[in-house]
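Working notes for the structure below.
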Amino acid sequence: MTGDDGPRPDSTFLPDVKTVEVLHIDDDSSFADLVATFLEREHEAFTVHTETDPRDALAVLETSERSVDCVVCDYDMPGLDGLDVLERVRDTHPDLPFILYTGKGSEEIASEAISAGVTDYLQKTGGTEQYSVLANRILNATEGYWAERYLNRGLEAIETAQDGISILNEDGYIEYANTACAEMLGYTREEIIGLHWETFYHDDDVEDVYDVLLPEARDGRWHGTTTFVQKNGEKIDIEHTLSYTEDRSLICTLSPQPTIDADASDLSAKEQAMDEAPIGILLTDPHQEDNPIIYANDEFTELTGYEKPDVIGRNCRFLQGAATADEPVQKLRTAIDNRESVTVELRNYRKDGTEFWNRVRVAPLFDDDGEIDLFVGFQDDITERKQYEEQLQSHSARLEALFEHSPDMFAVHDIDGVIRDVNQRLCDELGFTEAELLGRKVWDIDPTADPDRASSFWDTLPPNTPHRFEGELERKDGSTFPIEVHLIRLNLDGEDRFVAMDRDISDQKQRERELVQQNERLDRFTSVVSHDLRNPLQVAEGRLELLREDCNSDHIDEIDHALGRMDALIEDLLALAQAGEEAMDLEPIRLPELVESCWETLPETTATLTIETERTVKADRDQLRQLVMNLLRNAIEHGGPDVTITVGDTDDGFYVADDGAGLPESVSGSVFEAGYTTADEGTGFGLSIVEEVASRHGWEITATNGPSGGARFEISTTC
């Protein structure tokens, strides 16, 4: 076995992507064209393809008519909304960046989008600044997407590499080997996994591996030529590299002995190889003052924007600038002074002043006498990876803040119901410390959970799909309170976990109980009014008619009038009681037509109606009809048979006014009280019903006297 001293770092890189293909889905073609224009102005790399029909956009993805790097989609669209599109995209393209860009923003939509696997969520705003924000979101999303794709390609490259690559555990057994490695040593991949490295060495060489190769690999790297023993017993000389990872796994690379072209000089071959390398390479001379650059390859000039004449003779610190951190720079200087290898990541600057993250690996090169000859430096642009890491850190920080500071209670448990994490709000509400809750079972704090059925129920939950139900939580003191639970199954750091967001609904349940009691009392009241009072009244009216046939008395008409008043009172009481009972069906209603319809159903009168409005209001038709009818009746009852009634517009609603005597100043604030009336024939409940209908719609009603006299009721419908 022969070896050379000093590490020779490997390199990784991401291909330079020239364009970002964006598929924008928005049913508003004018807005979609505007977005495309601004995005393509923001970044020359953007190419925006627009679809106004979500189905056409899905067809583009399904038929692979064009390469798509990111989907930007509106939410509120006919046929399919943004979440429907997201679900279908995830079925066929689970990792494709998807940004929900919507004018209909809400916490509920954002939560559903996150649960469905949206990459990012952005709400449309005014101004053109939003397009810069959208452009940055697209870049961040695609960079992570590309990084994942390139990582997969890197793994594929290892699988198909001509060099043999294997990974050994700390005890020296092979855990991974690519096909080339197995074939070089005469094995199949299945046969070589699990073998110890001693299997491939002659007995006389094993001790040298323990004493020389492995210690040097632990110190940084060992490289040289090794004689291996193949499965059939034959020996083969292979160029061999050993290095350790941080977790003490041993990386072994095998390269067949290269065939040297006798017609080409060794120096020209090396220069050609360096110029063809996909990473920046520098050579510096430590024997000259300030360690100047004596060689730069083509990729370095492509990376930095500097031509070779601008670089040769300078120290590489010219790439540094205001945002370059001191710590990695000092680490570089110390390693160079000590003639050691080093790898750092720092922010550098191109010739045009733009920043980029640079992974710099420097190693000393020694001559045959062991003296320092040159330094070699490898430069990788890792800007995309850094931005992706920062994005992940930002997302993690936001999720952590949401978890810890949410007004809702959070608990994370596993399939067995063991609580693995909780937020402070849950601890505060239950009276436990975090340490007291961790390790407990869900049914220890939720008495409604069934231990025999819970695990099987959780096991049937599909991932990333929220499920809502109600339960209870038990405090440390034994008291309980009702909760609404939103449960979602997630993969957290490779573990199957269930995240429960619990919300205290004690107030809601109390309101529901009060509403049930109120409705029960209302049912009893309406039953008494409509049955127990009306039946005796009808008996009295019938008996009165019989009495009228038997005798003639002035008292009969007075009794008939009193019974009629009681009947009117019963009708108004029922209308008032039922005004808030029935559910409303809101719809746009043309006010002129409804007023005219109400007027036609009133008893014949000599009063006059004037309609001076074309307003349309959103209301429940039956209840709005009740409001208008009562106001028209009120005007006739108080204004006299020849009164003129006008329905017209206000700035924020409409009014009903008459030219009668108007309201007494002393009672204008009392007209809506139940039972109040100034008319001999009035029941006192008509205006109470009007106020109740207005209140149910969220409107305000005021009673005043008009500028020319007469009562005026104004209804504000924009409150």
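Keep in mind it's a predicted model, so treat the numbers as computed, not measured.
Taking R590 as the reference, E593, E614 meet the salt bridge (Lys or Arg N to Asp or Glu O under 4.0 Å) condition, with sequence neighbours excluded. Scored by the side chain to side chain donor-acceptor pair (under 3.5 Å) test, T37 finds no partners at all (sequence neighbours excluded).
T324 places no side-chain N or O within donor-acceptor distance of the main-chain N or O of N348, the cut-off being under 3.5 Å. Side-chain atoms of H697 come within 3.5 Å of backbone N or O of D620 as a donor-acceptor pair. With N297 contributing its side chain and I281 its backbone, the two residues share a donor-acceptor pair below 3.5 Å. Side-chain N or O atoms of R489 include one that pairs as donor or acceptor with a backbone N or O of D459 at under 3.5 Å. Listed for the R347 side chain is no donor-acceptor partner under 3.5 Å among the backbone atoms of G321. T334 places no side-chain N or O within donor-acceptor distance of the main-chain N or O of L332, the cut-off being under 3.5 Å. Panel note: side chain T460, backbone F457; a donor-acceptor pair is recorded below 3.5 Å. R497 places no side-chain N or O within 3.5 Å of a backbone atom of I488 that could act as its donor or acceptor partner. At least one donor-acceptor pair under 3.5 Å links the side chain of N423 to the backbone N or O of L426. Distance alone, capped at 3.5 Å, places no donor-acceptor pair between the Y176 side chain and the I165 backbone.
Going from atom CG of D298 over to atom CD of E307 covers 9.5 Å, rounded to the nearest 0.5 Å. Residue D84 holds its CG atom at 4.0 Å from CG of D81, rounded to the nearest 0.5 Å. Interatomic distance, F38 CZ to F46 CZ, rounded to the nearest 0.5 Å: 14.5 Å. The CZ atom of F481 lies 5.0 Å from the CG atom of D504; values are rounded to the nearest 0.5 Å. Remark: D33 CG to T52 OG1 distance equals 9.5 Å, nearest 0.5 Å. Annotation: the span from T102 atom OG1 to Q123 atom CD amounts to 7.0 Å, rounded to 0.5 Å.
Crowding of D651 atom CG: a count of heavy atoms from other residues, nucleotides or ligands under 6.0 Å not exceeding 12. Residue R615 qualifies as enclosed at atom CZ: its count of foreign heavy atoms under 6.0 Å is above 12. At most 12 heavy atoms of other shown residues, nucleotides or ligands fall within 6.0 angstrom of atom NZ in K618. Heavy-atom neighbours of D326 CG from other residues, nucleotides or ligands within 6.0 Å: at or below the threshold of 12.
The two residues E355 and A323 have their closest heavy-atom pair at OE2-CB, 3.9 Å. Annotation for A296 and I312: closest pair N-CD1, 4.2 Å, computed over non-hydrogen atoms. The minimum heavy-atom distance linking I25 with P54 is given by the pair CG2-CA, 4.0 Å. Contact detail for F98 and G82: the closest heavy-atom pair is CZ-O, 4.0 Å. In terms of heavy-atom proximity, C427 sits nearest to L437 at SG-CD1, 3.9 Å.
Screening R137, R41, E42 for a side chain to side chain donor-acceptor pair (under 3.5 Å) involving S132 leaves a single residue, E42. Shown are R350, K386, R359; of these, the salt bridge (charged side-chain N to carboxylate O under 4.0 Å, His left out) with D381 is made only by R350. Tested against V71 for a side-chain contact (heavy atoms from CB on, under 4.5 Å), the candidates L61, I99, V118 yield a single pass: L61. Screening N358, L319, D310 against T304 for a side-chain contact (heavy atoms from CB on, under 4.5 Å) leaves a single residue, L319.
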Handout entry: Candidate pair Y101 and D120, rule side-chain contact (heavy atoms from CB on, under 4.5 Å), full reasoning
Key = CA-CA 9 Å; Y101 182 42; D120 211 334; over 6 Å; no
Exercise for the section: Please test V422 against L430 for side-chain contact (heavy atoms from CB on, under 4.5 Å), starting from the C-alpha separation and ending with a verdict. Expected result: CA-CA 11 Å; V422 294; L430 299 187; over 6 Å; no
Handout entry: Intermediate values then yes/no, side-chain contact (heavy atoms from CB on, under 4.5 Å), M77 and D53
Key = CA-CA 8 Å; M77 299 181 293; D53 189 327; over 6 Å; no
Practice task
Apply side-chain contact (heavy atoms from CB on, under 4.5 Å) to the pair D502 and E429, showing each step before the final yes or no.
Solution key: CA-CA 11 Å; D502 302 335; E429 289 293 332; over 6 Å; no
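Looking at heavy atoms from C-beta onward, R420 lies in side-chain contact with D414 at the 4.5 angstrom threshold. Contact check for H24 versus L39: no side-chain heavy atoms found under the 4.5 Å cut-off. Between V35 and D26, the closest side-chain pair of non-hydrogen atoms is not below 4.5 Å. Contact check for V68 versus H49: no side-chain heavy atoms found under the 4.5 Å cut-off. With a 4.5 Å cut-off on side-chain heavy atoms, I483 and M409 count as touching. Taking the side chain as every heavy atom from C-beta outward, H413 and W458 approach each other to under 4.5 Å. Proximity of I114 to Y121: side-chain heavy atoms (C-beta onward) are nowhere separated by under 4.5 Å. Between L83 and L100 there is a side-chain heavy-atom pair separated by less than 4.5 Å.
Ion pairing of R425 with D408 is absent here, as no side-chain N (NZ or NE/NH1/NH2) approaches a carboxylate O to less than 4.0 Å. Under a 4.0 Å N-O distance rule, the pair D380/R385 does not qualify as a salt bridge. With respect to the salt-bridge test (charged N to carboxylate O, under 4.0 angstrom), the residues K509 and E512 qualify.
Between F300 and F318, the ring planes are perpendicular. Angles over 60° get that label, and only those under 30° would be called parallel.
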